[in-house]
Asks: 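Sending over a structure as structure tokens; questions will come in a sec.
This structure is a prediction, so every number in the text was calculated from the model and none was measured. Naming: A, B, ... by sequence-line order, numbering from 1 per chain.
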2 protein chains.
Amino acid sequence: MRADALRNYERLVAVAAEVVAEQGADASMEEIARRAGVGSATLHRHFGGRTAMLEAVFETSIDAVCKRAADLLGHSDPGEALRVWLQAVIAHAVKNRGLGAALLLSAERGSEFHARITRAGRQLLKRAQQHRAADAGATIADVLGLVNAISLTAERDAAQADRLLALAIRGVSPAAVS
Amino acid sequence: MRADALRNYERLVAVAAEVVAEQGADASMEEIARRAGVGSATLHRHFGGRTAMLEAVFETSIDAVCKRAADLLGHSDPGEALRVWLQAVIAHAVKNRGLGAALLLSAERGSEFHARITRAGRQLLKRAQQHRAADAGATIADVLGLVNAISLTAERDAAQADRLLALAIRGVSPAAVS
DNA sequence: TGCTAAACGGGGTGGTCCCCCATATCGTAC
DNA sequence: GTACGATATGGGGGACCACCCCGTTTAGCA
């Protein structure tokens, strides 16, 4: 990769992160290019599409979330570990708007992106289930689907996102209540 | 309202319902006008924007959902009644794609649309809570927020939508488990 | 039947995404 | 230090979009 191309690539990722955080995953590609001071063709050449651009933007977020999952495997309370991790995923999605959409797009296109988070969360869920600290019938796909749904609709409102996650974790109408 | 205007209005609502069910809430307005055999200006004059168009399209769905809530207030098991109603809301959103987005837009713009569903569900939730058949801390806004989040992300996959709702109802990690 | 208020839709504006290709720049081999 | 081929660039274009102006047509009434 030529030096000028690398400079532009890095600049584009930084600007894209900024604009996406402001406007969400459907931010205008033209504006990202404009703000970065390059032609829109350059942006499209570097990423080839919105999905790939979002993946580049959220690469480091994903790394952080996966690492967090690995760390939490050492936590003494498996149920708490799962809960904390799901909160972290939501917190990331709120801080950097667009992560939820990026994951959804990635899942649809079979990109590696979604698979990494799934692998990271699966062990956390399994451990919680073995300690009877999570619903035995839940799959990691569904748990992340739920978390992702919350991220998407509440990504502009951290307090709401937290409330919805808490509600989904303890259950709207858990069997224990009746 | 002139007879020709009324004819076009009704035709537009019907065509819009069809196209939105096919393509989702962000379907092309131009295509709806094209399929209805009118100019796009006519469509915009009748509705004044996508949100209003979606509200017109889902008016009858909302009526049905609200009526269902009223009927279920007579159900002997309040927890079951709430569960069945939430399933019905999801089922509607899956059958007519776009309902979730319409509700979200409506809520953001303070339209009456969202308020009606909220009123309908509030009593159902309250009754379930009084019978200890629903989480005491849950608000109807949050419950519907969760249901809406599920509708939005899983509106193309009825089975997934059902699984996510079931999981949210019984809880990923209910207190009873540990 | 004639008239007026209402509805209509072609076409314009300004925006989007994405791509082609002539031009400019980089990095190297001499 | 220079010349040159490989690579990156971005203006401009195509196809689409939402939304609106305004000249034309039509409905419904007197």
Asks: With no hydrogens and no angle check, is any side-chain donor or acceptor of A:Ser40 less than 3.5 Å from a backbone partner on A:Glu30?
Replies: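 It does not hold such a pair.
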Asks: Mind calculating the distance between CG (B:Leu12) and C1' (C:dG9) to the nearest angstrom?
Replies: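 Roughly 12 Å, once rounded to whole Å.
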Asks: 5'-most contact on DNA chain D: A:His46 or B:Glu31, nearest heavy atom basis?
Replies: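 First, find each residue's nearest nucleotide; the 5'-ward one identifies A:His46.
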Asks: Check the angle between the aromatic planes of A:His46 and A:Tyr9 and answer parallel, tilted or perpendicular using the 30° and 60° thresholds.
Replies: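 Because their plane-to-plane angle is over 60°, the rings of A:His46 and A:Tyr9 count as perpendicular.
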Asks: With the threshold set at 4.0 Å, does a side-chain nitrogen-carboxylate oxygen contact exist between B:Arg35 and B:Glu22?
Replies: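 The answer is yes: the pair qualifies as a salt bridge.
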Asks: Is there side-chain contact between B:Arg122 and B:Leu125, with at least one heavy-atom pair below 4.5 Å?
Replies: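 In short, these two side chains do not touch, never coming nearer than 4.5 Å.
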Asks: Linking I/L/V/M/F/W/Y whenever their side-chain heavy atoms sit closer than 4.5 Å, directly or via other members, would B:Leu164 and A:Leu104 fall into one cluster?
Replies: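 No; tracing contacts between hydrophobic side chains, which count when under 4.5 Å, never links both residues.
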Asks: Can you sort out which residues in residues 13-30 of chain A have a heavy atom within less than 4.0 Å of DNA chain C? Ascending by number, please.
Replies: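 Within residues 13-30 of chain A, the residues near DNA chain C are A:Ala27, A:Ser28, A:Met29, A:Glu30.
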Asks: Output one letter per nucleotide in nucleotides 20-30 of chain D: B when a protein non-hydrogen atom lies under 4.0 Å from the base, S when only the sugar-phosphate is that close, - when neither is.
Replies: BB----BSS--
Asks: Rounded to whole Å, how long is the line connecting atom CD1 of B:Ile32 with atom C1' of D:dC17?
Replies: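 Distance check: B:Ile32 CD1 to D:dC17 C1' gives 13 Å.
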Asks: Does B:Asp26 have any salt bridge (Lys or Arg N to Asp or Glu O under 4.0 Å) partners at least two apart in sequence or in another chain, and if so, which?
Replies: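 For B:Asp26, no residue satisfies salt bridge (Lys or Arg N to Asp or Glu O under 4.0 Å) once neighbours in sequence are set aside.
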Asks: When the distance from CG of A:Leu43 to C1' of D:dT9 is rounded to whole Å, what number comes out?
Replies: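 It works out to 13 Å between those atoms.
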Asks: Does C:dC8 have OP1 or OP2 under 4.0 Å away from a side-chain N or O of B:Asn8?
Replies: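 For C:dC8, OP1/OP2 do have a side-chain N/O of B:Asn8 under 4.0 Å.
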Asks: Between A:Leu72 and A:Ile169, is there shared hydrophobic-cluster membership here, with clusters defined by ILVMFWY side-chain heavy atoms closer than 4.5 Å?
Replies: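 Yes.
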Asks: Identify whether A:Leu167 and A:Leu86 are in the same connected component of the hydrophobic contact network (ILVMFWY, side-chain heavy atoms under 4.5 Å).
Replies: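 Result: yes, single cluster for both.
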Asks: Rounded to whole Å, please give me the gap between CZ in B:Arg50 and P in D:dC17.
Replies: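 Value for this atom pair: 11 Å.
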